[in-house]
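Here is the structure we will look at, set down as structure tokens.
Computed from a predicted model, the values in this text were never measured in an experiment.
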Amino acid sequence: MKADLYHQMNVNYQPGQKIFWSGRSSNPDLGALYWCQKIDFIHVNDLNEDTKIDIALLGYVCDEGVKRNQGRIGASQGPKALRERLGKLAVHHNKHIADIGDVICVEHDMESCQIALSKAVSKLITQKIFPIVIGGGHDMAYGHFMGIWDAVKSTAKKRIGIINFDAHFDLRPVETTPNSGTPFNQIISELKKTNQSVDYFAIGIQQQSNTKQLFSIAASKQANYVFNYDCDTSVENLKTLKNRLIPFIKKNDYLYITIDLDAFSSAYAPGVSAPSPMGFTPFFLFKLLPFLFQTNKVITCDIAELNPTLDIDNSTANLAAILVDFIVGLK
């Protein structure tokens, strides 16, 4: 009998389903031309050492953390919107990719949803499957990281560096309950309990969106960061940033890349809880990601804060889908 990964947990799980993937039909003799024709579907309980997939897509259907952080809700609809847009993209990769479904927050129980996410991520990494997690609020970063940590903490290589593309530090201390602004403080604090540490590098930080207290917390946590003004695509700028990243990369065994869509300019990503015209362009990230993946240290990644209820002409959902497609190409 197969074990139920979420037995007696206060969370819903919905397996990946073909109905959420649509796109053009084409001549079957030509093979799979679009993502909707290429994607497979596997129940999380069916994952085992014989599962022959390279990459798994997993949705985090929760915006309770955004609500607690006084943001605009709607990110719980992000995974569905991303799948709809991704299904229509032409496919140019030869990877075996499966949609393993969604973990779904119920009764405002964000913490159980985070635990459910961590269990799935740990299972995927243990079986050498690369996870791409789709959000959902950025509170998913805590659950995502704890899944990585669970998979590597008993191995010889267990030092993890977090690279967060974000307008915000998300280093707020937990005052009453965790939220979408606290995940990286939680991660650092959790590892400190067992005398472990994690390195944190935030790229795209906007001074106007982070209080002096948050800059003080970042300094106390020895966080690295780059302001949004320094996130352009000039050769000189990219070289400077890569030179800052090299020692960070060298000291870590693995990299966890997390992309908050509010790091992009609202010209490209209006469908987020906290849009800003001062974010970077997609071209900046698309220039930097190959450098990070070429290290062969990227163990997992996620895309957070897609809010379709605030999107304009699917601009943000299209950007998120293209990001997934681009990351798959780098793997």
Side-chain angles (χ1 to χ4, degrees), residues 16 20-24 26 30-42 51-60 78-79 81-100 121 124-125 127-136 144 148 161-166 203-204 231 233 235 238 241-242 245 249 254-261 263-264 268-269 280-306 314-331:
F20 298 123
W21 294 80
S22 61
R24 290 178 179 269
S26 59
L30 298 176
L33 299 182
Y34 298 96
W35 267 81
C36 62
Q37 299 167 331
K38 181 82 170 176
I39 195 79
D40 283 330
F41 305 94
I42 298 177
T51 304
K52 304 299 183 185
I53 62 173
D54 303 305
I55 298 170
L57 301 183
L58 172 64
Y60 176 79
L82 191 148
R83 289 182 175 100
E84 289 174 349
R85 307 316 300 174
L86 185 58
K88 294 171 171 54
L89 297 185
V91 67
H92 295 279
H93 61 78
N94 294 313
K95 305 291 192 307
H96 188 182
I97 304 175
D99 179 357
I100 66 166
V121 168
L124 290 167
I125 292 174
Q127 294 174 14
K128 304 188 185 311
I129 300 169
F130 185 82
I132 299 178
V133 183
I134 309 161
H144 195 162
I148 304 168
I162 302 170
I163 298 179
N164 178 30
F165 291 93
D166 202 334
I203 300 175
C231 295
T233 57
V235 173
L238 287 170
L241 179 51
K242 288 175 184 178
L245 283 163
I249 293 167
Y254 302 106
L255 300 176
Y256 158 38
I257 295 177
T258 178
I259 302 166
D260 189 321
L261 291 167
F264 293 102
Y268 303 96
F280 51 66
T281 73
F283 300 102
F284 165 74
L285 184 57
F286 281 63
K287 293 262 186 191
L288 193 58
L289 282 177
F291 167 76
L292 297 173
F293 275 83
Q294 285 164 10
T295 66
N296 293 317
K297 291 187 175 185
V298 180
I299 191 170
T300 181
C301 65
D302 61 42
I303 298 172
E305 300 284 353
L306 172 57
N314 293 313
S315 297
T316 317
N318 283 330
L319 173 57
I322 292 168
L323 258 175
V324 171
D325 180 75
F326 188 74
I327 288 168
V328 166
L330 294 175
K331 282 299 292 178

Exercise. Taking atom CZ of F165 and atom CG of D260, what is their separation to the nearest 0.5 Å?
Worked result: 12.0 Å
Problem set entry | Side chains of L319 and L306 in contact at under 4.5 Å (non-hydrogen atoms) | no
For this session: Go through the steps to decide whether L241 and F291 satisfy the test side chain to side chain contact (heavy atoms under 4.5 Å, CB included), and finish with yes or no.
Result: CA-CA 11 Å; L241 179 51; F291 167 76; over 6 Å; no
For this session: State, yes or no, whether a side-chain contact exists between I148 and Y254 at a heavy-atom distance under 4.5 Å.
Result: no
Problem set entry | Heavy-atom closest pair, residues R85 and A317 | CG-CB, 3.5 Å
For this session: Grab the two heavy atoms, one from R83 and one from G59, that are nearest each other, plus how far apart they are.
Result: NH2-N, 3.8 Å
Exercise. Applying the side-chain contact (heavy atoms from CB on, under 4.5 Å) test to V324, which of I97, L86, I55 qualifies?
Worked result: L86
Problem set entry | Minimum-distance pair of heavy atoms, taken over all atoms of E305 and L261 | C-CD1, 4.4 Å
Exercise. Can you tell me if K297 uses its side chain to pair, donor with acceptor, with the backbone of I249 under 3.5 Å?
Worked result: yes
Problem set entry | Crowding at NZ, K88 (>12 non-hydrogen neighbours, <6.0 Å) | yes
Seminar exercise, completed: When rounded to the nearest 0.5 Å, the distance separating CG of L330 from CD of Q294 is 8.0 Å
For this session: Look at the side chain of D54 and the backbone N and O of H96, then say whether any donor-acceptor pair between them is shorter than 3.5 Å.
Result: yes
Exercise. Any side-chain donor paired with an acceptor under 3.5 Å for H144 and T300?
Worked result: yes
Exercise. Do I39 and V91 pass the side chain to side chain contact (heavy atoms under 4.5 Å, CB included) test, and can you show the C-alpha distance, the side-chain angles, and the key distance before you say yes or no?
Worked result: CA-CA 10 Å; I39 195 79; V91 67; over 6 Å; no
Problem set entry | Inter-residue atom distance L255.CG - L292.CG, 0.5 Å rounding | 6.5 Å
Exercise. Which pair of heavy atoms, one from D325 and one from A90, lies closest together, and at what distance?
Worked result: OD1-O, 4.1 Å
Seminar exercise, completed: Heavy-atom nearest pair, P79 first then I134, reads CG-O, 3.5 Å
Exercise. Do Y256 and D302 have side chains that get closer than 4.5 Å, going by heavy atoms?
Worked result: yes
For this session: Starting at CZ of F41, measure out to CD1 of I53 and round the result to the nearest 0.5 Å.
Result: 12.0 Å
Problem set entry | F264: which of F283, F284, F280 passes ring pair (Phe, Tyr, Trp, His ring centres under 6.0 Å) | F280
Exercise. Would you call the rings of F286 and F326 parallel, tilted or perpendicular, where under 30° means parallel and over 60° means perpendicular?
Worked result: tilted
Exercise. How many angstroms lie between CG in L89 and CG in L33, if you round to the nearest 0.5 Å?
Worked result: 13.0 Å
For this session: Indicate the atoms forming the closest heavy-atom contact of Q37 with R24, along with that distance.
Result: NE2-O, 3.6 Å
Problem set entry | CD1-CG distance between I132 and L124, expressed to the nearest 0.5 angstrom | 11.0 Å
Exercise. Mind checking whether C231 and I203 have side chains closer than 4.5 Å, heavy atoms only?
Worked result: yes
For this session: Decide yes or no for I327 and I257: does some side-chain heavy atom of the first lie under 4.5 Å from some side-chain heavy atom of the second?
Result: no
Problem set entry | Non-hydrogen side-chain atoms of H93 and W35 separated by less than 4.5 Å | yes
Exercise. Do I100 and I129 come close enough that some side-chain heavy atom pair is under 4.5 Å?
Worked result: no
Exercise. If we only count heavy atoms from C-beta on, is the L323 to L289 side-chain gap below 4.5 Å?
Worked result: yes
